Amino acid sequence: MTISSIKRKKVKGDALVSLLEELSDDEETDISSFMRQRLIMGYEQSLEAKAAYEAKDYQSAVQLYEEAIQIGRKPAMALEEARSSVDSNHDSIKGVYWLVDSFRNSCRARLALKDIDGAR
């Protein structure tokens with residue numbers, strides 16, 4: 001998957017695309033195309049989960065958030081580690097905000113479903 005094909009997919013997260021562009025030409029980073037694809041899939045899944053959460057479809061939101069976290073957590077963390085190794089003055093939350101948001105909203109959806117134990 002190339003940067004141009006990512007842009008054609010119209011990923012809504014301009015920040016995500018810009019982070020991938022920053023790292024795509026850097027030989028020191030170890031973000032494989034498979035990991036990039038998983039990162040984008042996880043991010044897109046989190047957008048679907050957010051829509052379900054906002055529609056108060058908490059059961060679907062929990063399932064979608066869990067899938068997004070499972071798919072995209074490792075690639076997001078790898079991207080953030082690679083980015084921090086290249087630029088020590090970066091905004092660390094920028095690359096993983098969607099992931100933090102997914103964890104938070106997953107817990108909120110579980111609380112709305114009265115699943116206190118699952119809400120970590």
Side-chain angles (χ1 to χ4, degrees):
M1 180 170 289
T2 65
I3 297 300
S4 60
S5 66
I6 293 169
K7 286 183 177 178
R8 279 195 298 271
K9 286 185 78 164
K10 296 185 180 176
V11 173
K12 293 180 182 176
D14 293 333
L16 181 65
V17 173
S18 69
L19 288 173
L20 288 172
E21 284 177 342
E22 277 181 39
L23 296 171
S24 65
D25 296 327
D26 192 337
E27 295 176 9
E28 294 179 17
T29 60
D30 188 25
I31 306 295
S32 69
S33 62
F34 174 72
M35 293 290 271
R36 289 179 190 175
Q37 184 177 9
R38 284 191 54 196
L39 176 63
I40 291 168
M41 288 171 50
Y43 178 76
E44 289 176 341
Q45 188 89 4
S46 75
L47 294 177
E48 291 178 34
K50 186 175 182 177
Y53 178 80
E54 289 173 350
K56 297 184 182 190
D57 182 1
Y58 298 123
Q59 191 66 45
S60 294
V62 166
Q63 181 179 358
L64 290 167
Y65 276 127
E66 293 298 322
E67 291 171 6
I69 292 165
Q70 184 70 22
I71 293 167
R73 179 180 50 193
K74 287 183 182 178
M77 297 308 293
L79 176 63
E80 189 56 31
E81 286 175 22
R83 187 164 191 253
S84 66
S85 71
V86 172
D87 180 13
S88 61
N89 294 326
H90 76 285
D91 180 10
S92 62
I93 192 74
K94 185 177 179 182
V96 293
Y97 181 77
W98 71 269
L99 186 61
V100 173
D101 193 47
S102 293
F103 273 108
R104 183 185 69 227
N105 285 342
S106 173
C107 291
R108 286 179 175 173
R110 286 183 182 276
L111 288 173
L113 295 169
K114 310 277 191 254
D115 181 9
I116 296 170
D117 292 331
R120 312 181 190 78

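All values reported here derive from a predicted model rather than from experimental measurement.
- Residues F103 and V96 form no side-chain contact, since every pair of their non-hydrogen atoms from C-beta on lies 4.5 Å or further apart.
- From R110, atom CZ reaches atom CD of Q59 across 8.0 Å, with rounding to the nearest 0.5 Å.
- Remark: side-chain polar atoms of S46 are paired, donor with acceptor, to backbone N or O of Y43 under 3.5 angstrom.
- Atom CG of L39 sits about 10.0 Å away from atom CD of E44, to the nearest 0.5 Å.
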Quick one: side chains of residues 67-79, donor-acceptor pairs under 3.5 Å with protein atoms, not counting sequence neighbours, listed by atom name and distance.
| residue | atom | partner | partner atom | Å |
| --- | --- | --- | --- | --- |
| E67 | OE1 | Q45 | NE2 | 2.6 |
| E67 | OE2 | Q63 | NE2 | 3.4 |

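- For the residue pair Y53 and N105, the shortest heavy atom distance occurs at CE1-O, 3.8 Å.
- V62 and S106 get closest at one heavy-atom pair: CG2-O, 4.1 Å.
- Of all heavy-atom pairs spanning C107 and A119, the tightest one is SG-O, 2.9 Å.
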Worksheet entry | Residues Y65, K50; criterion side-chain contact (heavy atoms from CB on, under 4.5 Å); working and verdict | CA-CA 8 Å; Y65 276 127; K50 186 175 182 177; 3.6 Å; yes
